[in-house]
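Every chain is numbered from 1 and lettered A, B, ... according to where its sequence line falls, protein lines coming before strand lines.
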Amino acid sequence: MTTPLLSVENLQTQFETAEGTVRAVDGISFDVHEGETVGLVGESGAGKSVAISSVLRLVESPGEIVGGEIRFRGETLLSFEEGPNGERRQSPESLSNKEFRQRIRGREIATIFQDPMESLNPVFTIGSQLQEFIEINRELPPKDARDVAIETLREVDIPKPEDRFDDYPHEFSGGMRQRVLIAMAIACQPSLILADEPTTALDVTVEGQILNLVSDLQEEYGTSFVWVTHDLAVVADICDRVNVMYLGQMAEQADVHDLFDNTKHPYTEALLQSVPRPDKTVESLTPIEGVMPEAINPPSGCRFHPRCPDARAVCREVNPEPRNVSDTDTRHNAACVKHDAFDVDYEHSTPIQSEGDEFGEDLQVTEGSR
Amino acid sequence: MSEADDAGPILRVENLKKHFSTGSGVFDTVELDLSGGFPLKRSIEHVKAVDGVSFEIERGETLGLVGESGCGKSTLGRTILRLLQPTEGAIYFQGRNIAELDKGQLRRTRKDQQMIFQDPQSSLNPRMKVGPIVEEPMKAHDLYDKAGREERARELLEAVGLDPQHYNRYPHQFSGGQRQRINLARALSVDPDFIVCDEPTSALDASIQAQVLNTMRELQEEFNLTYLFISHDLSVIRHISDRVAVMYLGQIVELAEKEELFEDPKHPYTRSLLSAIPVPDPSQAGSRTILQGDVPDPVNPPSGCRFRTRCPELIPPDAYDLDDGEWAAVREFMRAVRRRAFDPDDRAAVESQFFDGVSLDGEPGAVVEDAIDHVLAAEWETATDLLTEAFAEQSICAQEEPAYELESDRSGTRFAACHLHRE
């Protein structure tokens, strides 16, 4: 096995709030290899975006990365060690924030966010923002940076890039703005791009254009992607491998074909059953009962057990880490004790009665104010 | 309400138009014109959000209305309920043209028509408790006494899948899916016949969306409801609708029974939409053909068929005798010139890039040659105009507005606004 491009191990990010500690990301591990597109899937509140921000060191107070290790091309970006008083602290091998900013973010690991309007400054022209980014990160003189900027805009299919260079963000459509962000991400030819729901706000035809553009660019530059999304269809379309998150933890990790054709985790299965499909008429949808609990007070044991159709008594007690449950040579991790790999006597455990009524268990009111 | 009309469609819309003027202030409408005469000109531009739409909705059915953002589907939904004043056209609701009703009459029809909005948060008053929210429409229409309203509110909460005990809670204590259920209960409180649902599940997570969609179906049966279901999500539309209307730039381009529309689309725009959506099945990955370009400005929509500027199946002008390969090359070249998508070196390079293995002669050949001359002289605009005039504007798609009733395999007719179906 070659060294992965990015490897995240047991990452933990939490937010201190007045009501308690929110463990938004609670011990997740995943790898990204050269040239592949890795999906990070889950519903809102699963912790996908926090995971991405943690890798980029963009988590802001009251959020804090409190554990785990992140390596890029084998080099440690972040790790923790035990301090003299038994407390956890960042180990000296971790890159300083300044080094990370200068060497890694933007140059090696770039990012594309969901909302292009928020990522672009409304009072500067598209061109000047792109040019500035290229000047700083590629250390080019302004004139050359301008040429590179125009070339990059042409590459992401902006019509008449010389004219549009001096336009402001509000003069671009949503799809065009997203192209500008992609231009910004690829301008420094990074080896990894973390994309956080980049097509969610777009129309289907525009989304299709962007997905095609991304796969073309990937072919050309061999860039790796981490693609964060809630949309299983997008995952099926572009990802090589997929990580499914639920409430801050990994539920399932597999090759995209295995994930869809040989699903091993009840949550993934339930998600697939609950989405209507464009290619065939589904007479009745099988929704997942209930709502995802809040990360501030997660259920005991397996976090999915209150909504899980396969839940048994043992699921209340054991919170499983993902383990390889593959029948083939390709790794296929699932965090569900119903597989033999876990050996917790699931077979003889009593099934938990589902409490839902005919409309699903949506009756549980979410307490507290938000 | 006239009982005699119960047999006909619940809603019939005829040539409905809704235009918005773009200027909002006094000076927005005044333009400086130095071409001679009085230098100030009054010009009001109109965004043609809905521009000549006709369709019917049968009692008890769900008509899906799908289109991309900005196509006018929400405006259409609101105009049908006369939340927006129509610019032109008629809306027959249970046989009466509600476009002509006065305020009092209109208010009384509101009892039979309700609407559910996309954002379940902002459509609920945060200071009101759930029970009174559900009772509000009954109060407005003077239905039941106080005790009766409360009883009905509790019944409805239960019907939409909430706990009647939650009568005294505030909206913020509920999740997004539950809030949308409160909206459903409120809409149902006056026992309407027809509900316009404007993207009711778009803000919800996949698993919650399925719950709400299932509930909406059950309620439709229980309360004998007719839905106009507006969404940009083709999967949701396919799941919930009986018939589907596809909108593009203010007009309906295709309307057909659901299975027919999805399995055998007759309009190139519908085909493009369907091939653009990713499918949750990795074995079908990467088989997309994608529509190019952006939606044109609804202030000045293209003549003839509005989709022609992006249509992959634009019909070649009858005047020239172009085969498929030649026509494809001409269109590719036209598009590249409009977008200035290449750096021309010399004539040979341009010809080999766009017209490799294609020999154009006669008038088309001469036009293309001219255009290449202009491109080489960096006169992109002139070249674009020349090509547009000689080719794009000559197509039947640019000259006549299409509207064709087609034979349906299932029942009656279907509608497609595309000249490919001319006799």
*asked:* Between B/Glu68 (side chain only) and A/Val204 (backbone N and O only), is there a donor and an acceptor less than 3.5 Å apart?
replied: no

When the 4.5 angstrom heavy-atom criterion is applied to A/Ser173 and chain B, the contacting part is side chain

By residue number, those in residues 252-264 of chain A with heavy atoms under 4.5 Å from heavy atoms of chain B are A/Val256, A/His257, A/Phe260

Scanning both residues in full, the closest heavy-atom pair of A/Leu271 with B/Ala206 reads CD2-CB, 4.3 Å

Distance col, row B/Asp281:CG vs A/Leu232:CG, nearest 0.5 angstrom, shows 11.5 Å

Turns out that what part of B/Glu259 lies under 4.5 Å from chain A's heavy atoms comes down to side chain

TODO: Using a 4.5 Å cut-off on heavy atoms from C-beta on, say whether the side chain of B/Gln209 contacts that of A/Ser274.
DONE: no

Residues B/His239 and A/Val282: closest non-hydrogen pair is ND1-O, 3.0 Å

Distance col, row B/Ser207:OG vs A/Arg307:CZ, nearest 0.5 angstrom, shows 4.5 Å

Heavy atoms of B/Arg310 and A/Thr205 approach each other most closely as NH2-OG1, 4.1 Å

Closest non-hydrogen atoms of A/Asp279 and B/Glu263, given as atom of the first, atom of the second and distance, are O-OE2, 4.1 Å

With sequence neighbours left out, the residues meeting side chain to side chain contact (heavy atoms under 4.5 Å, CB included) with B/Thr388 are B/Thr384, B/Ala392, B/Glu393

Does atom CD of B/Glu221 have more than 12 heavy-atom neighbours, drawn from other residues, nucleotides or ligands, at distances under 6.0 Å?
-> no

Can any side-chain N or O of B/Arg339 pair as donor or acceptor with the backbone N or O of A/Asp157 at less than 3.5 Å?
-> yes

Minimal heavy-atom distance between A/Thr281 and B/Lys258, with the atoms involved, is CG2-NZ, 3.8 Å

Note: A/Ala233 and B/Pro278 closest approach over all heavy atoms is CB-O, 3.2 Å

Okay, B/Leu213 and chain A: the region with an atom under 4.5 Å from a heavy atom over there is side chain

In this structure, CD1 of B/Ile277 is separated from CG of A/Asp231 (nearest 0.5 Å) by 10.5 Å

Scored by heavy-atom pairs under 4.5 Å with chain B, the best of A/Met176, A/Glu207, A/Lys280, A/His230 is A/Lys280

Counting heavy-atom pairs under 4.5 angstrom with chain B, the leader among A/Pro161, A/Ala270, A/Cys239, A/Gly208 is A/Gly208

Okay, B/Arg217 and chain A: the region with an atom under 4.5 Å from a heavy atom over there is side chain

Original post:
Is it true that A/Asp163 and B/Arg340 have a side-chain N and a carboxylate O under 4.0 angstrom from each other?
Top reply: yes

With distance as the sole criterion, is a donor-acceptor pair present between the side chains of A/Arg277 and B/Ser235 under 3.5 Å?
-> no

Greatest number of non-hydrogen atom pairs under 4.5 angstrom with chain B, of A/Leu285, A/Thr286, A/Ile158, falls to A/Leu285

Greatest number of non-hydrogen atom pairs under 4.5 angstrom with chain A, of B/Gly67, B/Ala276, B/Ser69, falls to B/Ser69

Whatever's closer than 4.5 Å to a heavy atom in chain B on A/Val235 counts as neither

Across all chains, not counting sequence neighbours, the salt bridge (charged side-chain N to carboxylate O under 4.0 Å, His left out) partners of B/Arg335 are none

Under 4.5 Å to a heavy atom of chain B? For A/Ser284 that would be backbone

Residues passing the salt bridge (charged side-chain N to carboxylate O under 4.0 Å, His left out) test with A/Glu171, sequence neighbours excluded, are none

Exercise. Can you check whether B/Ile208 reaches A/Pro287 side chain to side chain, under 4.5 Å on heavy atoms?
Worked result: no

